[in-house]
*Asks:* 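Below is one structure. I have some questions about it.
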Amino acid sequence: MSLSQIIKNLVMGKQDLLIALKFLKVILYKYDDPKIFSVLSWIEHEITGYELADENDYPDYRRIDGRIRGTYFSGKASYENVYMPISHIAPHKLRPLCYLTIPQGVSTLSLLAKNKGVYISRTLSPDNFQLFQTGTGISSIISLETASGDTICQDILSALESRLLGIFLLLEKQLGNLDALGLCE
């Protein structure tokens, strides 16, 4: 596959992003420039995931505001996996609880994106239960989680695809025909 074909496939939304990331890594690896090192680090994180990365290393498209869902009792009624009432919570207390980072690598996100109704979540500590109970009539909380929407995996893949296309186009503008680099058959 030629690099020009990768660009065409990115435009058409038909390119395997893992392959595109690996080709980009090969192209950039030979450059000894501190700016390139940060791009290589980004590529490596996109391939392997951000699990061990500092939150500051996450790109904006992997930092989202989730919604808080919970399982709780209110009087004799029980509610399972429903969005929690939040209007009574001060924004400065709510913001850190809604914040969600998406660490999975591109292959995992691609697999998750193929399944309808998949979302990514993190469990909130029981230390936060009282915050959601005060003034709401909720008598006891069983669990709380911050959850993404069910399109988050596809949203991240689209943002990644757009960034890759931009980088490949910039490289082609700077270096000329990328196929001339002899990296592909």
*Asks:* When you group the ILVMFWY residues by side-chain heavy-atom contacts below 4.5 Å and let the links chain together, are Ile19 and Val106 in the same group?
*Replies:*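 In one cluster with Val106: Ile19, yes.
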*Asks:* Walk me through it: do Leu40 and Lys25 pass the test side-chain contact (heavy atoms from CB on, under 4.5 Å)?
*Replies:* CA-CA 6 Å; Leu40 286 169; Lys25 184 176 181 178; 4.0 Å; yes
*Asks:* If you define the side chain from C-beta out and look only at heavy atoms, does anything of Tyr61 sit under 4.5 Å from Asp155?
*Replies:*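 Sidechains of Asp155 and Tyr61: no contact.
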*Asks:* Leu109 and Ile120: side-chain contact (heavy atoms from CB on, under 4.5 Å), yes or no, with the steps?
*Replies:* CA-CA 10 Å; Leu109 290 174; Ile120 296 173; 4.2 Å; yes
*Asks:* I need the Leu17 CG to Glu46 CD distance, nearest 0.5 Å.
*Replies:*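 It is 9.0 Å, given to the nearest 0.5 Å.
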*Asks:* Compare all side-chain heavy atoms of Ser143 with those of Thr123 and state whether any distance is below 4.5 angstrom.
*Replies:*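 Side-chain contact under 4.5 Å: no.
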*Asks:* If every non-hydrogen atom of Leu124 is compared with every non-hydrogen atom of Leu97, which pair is closest and at what distance?
*Replies:*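 Taking Leu124 first and Leu97 second, the nearest heavy atoms are CD2-O, 3.9 Å.
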*Asks:* Any idea which heavy atoms bring Ser121 and Ala147 closest together, and the distance?
*Replies:*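 Taking Ser121 first and Ala147 second, the nearest heavy atoms are CB-CA, 4.0 Å.
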*Asks:* Could you go step by step and tell me if Gln15 and Lys8 meet the side-chain contact (heavy atoms from CB on, under 4.5 Å) rule?
*Replies:* CA-CA 8 Å; Gln15 179 59 50; Lys8 288 176 189 172; over 6 Å; no
*Asks:* So does Tyr99 have more than 12 non-hydrogen atoms from other groups sitting under 6.0 Å from OH?
*Replies:*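 More than 12 within 6.0 Å, yes.
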*Asks:* Roughly how far, to the nearest 0.5 Å, is CG of Leu157 from OG of Ser162?
*Replies:*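 Result: 12.5 Å between the selected atoms.
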*Asks:* Looking only at non-hydrogen atoms, find the nearest pair between Gly137 and Ser74 and report the distance.
*Replies:*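 Reported closest heavy-atom pair: O-OG, 2.9 Å.
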*Asks:* Around atom CZ of Phe37, are there more than 12 heavy atoms of other residues, nucleotides or ligands at under 6.0 Å?
*Replies:*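 Yes, enclosed.
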*Asks:* Using side-chain contact (heavy atoms from CB on, under 4.5 Å), reason through Leu28 and Leu171 one step at a time and then give a plain yes or no.
*Replies:* CA-CA 9 Å; Leu28 296 178; Leu171 284 171; 4.0 Å; yes
*Asks:* Donor-acceptor check, side chain of Thr108 to backbone of Gln104, threshold 3.5 angstrom: yes or no?
*Replies:*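 No.
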*Asks:* Quick check for you: to the nearest 0.5 Å, what is the distance between Leu94 atom CG and Thr146 atom OG1?
*Replies:*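 Atom-to-atom, Leu94:CG and Thr146:OG1 are 8.5 Å apart.
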*Asks:* Could you tell me if Arg69 sits above the aromatic ring of Tyr119, with its cationic atom closer than 6.0 Å to the ring centre and no more than 45 degrees from the axis?
*Replies:*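 Geometry flag: set, cation within 6.0 Å and 45°.
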*Asks:* Any idea which heavy atoms bring Trp42 and Leu24 closest together, and the distance?
*Replies:*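 Result for this residue pair: CZ3-CD2, 4.3 Å.
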*Asks:* Is Thr71 reaching over with its side chain to a backbone N or O of Asn81, donor-acceptor style, under 3.5 angstrom?
*Replies:*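 Flag set: sc Thr71 to bb Asn81 pair under 3.5 Å.
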*Asks:* With hydrophobic residues grouped by side-chain heavy-atom distances under 4.5 Å, do Leu18 and Phe168 end up in a single group?
*Replies:*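 Yes; tracing contacts between hydrophobic side chains, which count when under 4.5 Å, links both residues.
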*Asks:* Do Ile138 and Phe73 belong to the same hydrophobic cluster, where Ile, Leu, Val, Met, Phe, Trp and Tyr are linked whenever their side-chain heavy atoms lie under 4.5 Å apart, directly or via other members?
*Replies:*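 Looking at the clustering, Phe73 is in a separate group from Ile138.
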*Asks:* Looking at OH of Tyr72 and OG of Ser78, how far apart are the two atoms once the value is rounded to the nearest 0.5 Å?
*Replies:*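 That separation rounds to 10.0 Å.
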*Asks:* Write down the atom of Asp54, the atom of Asn56, and the distance for their closest heavy-atom approach.
*Replies:*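 For Asp54 and Asn56, the tightest heavy-atom pair comes out as OD1-N, 2.8 Å.
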*Asks:* With sequence neighbours excluded, what pairs up with Tyr50 under the ring pair (Phe, Tyr, Trp, His ring centres under 6.0 Å) test?
*Replies:*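 Expected list: His45, Tyr58.
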*Asks:* One thing to verify: whether Glu55 and Arg62 come together as a salt bridge, which I'm taking to mean a side-chain N less than 4.0 angstrom from a carboxylate O.
*Replies:*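 Between Glu55 and Arg62 there is no salt bridge, as every charged N stays at least 4.0 Å from the carboxylate O atoms.
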*Asks:* Could you check whether atom CD of Glu80 has more than 12 heavy atoms from other residues, nucleotides or ligands sitting under 6.0 Å from it?
*Replies:*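 Counting neighbours around CD of Glu80, 12 or fewer heavy atoms of other residues, nucleotides or ligands fall under 6.0 Å, so no.
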*Asks:* Between Ile64 and Ser148, which heavy-atom pair has the shortest distance, and what is it?
*Replies:*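 Closest approach of Ile64 to Ser148: CD1-CB, 3.6 Å.
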*Asks:* Report yes or no: does Gln133 contribute a side-chain atom to a donor-acceptor pair with the main-chain N or O of Ser139 at less than 3.5 Å?
*Replies:*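 Flag set: sc Gln133 to bb Ser139 pair under 3.5 Å.
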*Asks:* Do Ile68 and Leu100 share a hydrophobic cluster (ILVMFWY, side-chain heavy atoms under 4.5 Å, transitive)?
*Replies:*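 In one cluster with Ile68: Leu100, no.
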*Asks:* More than 12 heavy atoms of other residues, nucleotides or ligands under 6.0 Å from CD1 of Ile86: yes or no?
*Replies:*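 It does not: Ile86 CD1 has 12 such atoms or fewer within range.
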*Asks:* Hydrophobic clustering (ILVMFWY, side-chain heavy atoms < 4.5 Å, transitive) - are Leu169 and Phe23 grouped together?
*Replies:*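 Same cluster.
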*Asks:* Rounded at 0.5 Å granularity, tell me how far OG in Ser158 sits from CZ in Arg163.
*Replies:*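 Atom-to-atom, Ser158:OG and Arg163:CZ are 13.5 Å apart.
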*Asks:* Going by heavy atoms in the side chains, are Leu21 and Leu164 under 4.5 Å from each other?
*Replies:*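 A side-chain contact under 4.5 Å exists here.
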*Asks:* Atom CD1 of Ile7 and atom CG of Leu165: how far apart are they, to the nearest 0.5 Å?
*Replies:*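 Taking CD1 in Ile7 and CG in Leu165, the distance rounds to 7.0 Å.
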*Asks:* Heavy-atom distance under 4.5 Å between the side chains of Met84 and Ile141, does that happen here?
*Replies:*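 Sidechains of Ile141 and Met84: in contact.
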*Asks:* Can you find a heavy atom in the side chain of Phe129 that is under 4.5 Å from one in the side chain of Leu144?
*Replies:*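 They are in contact (side-chain heavy atoms under 4.5 Å apart), so the answer is yes.
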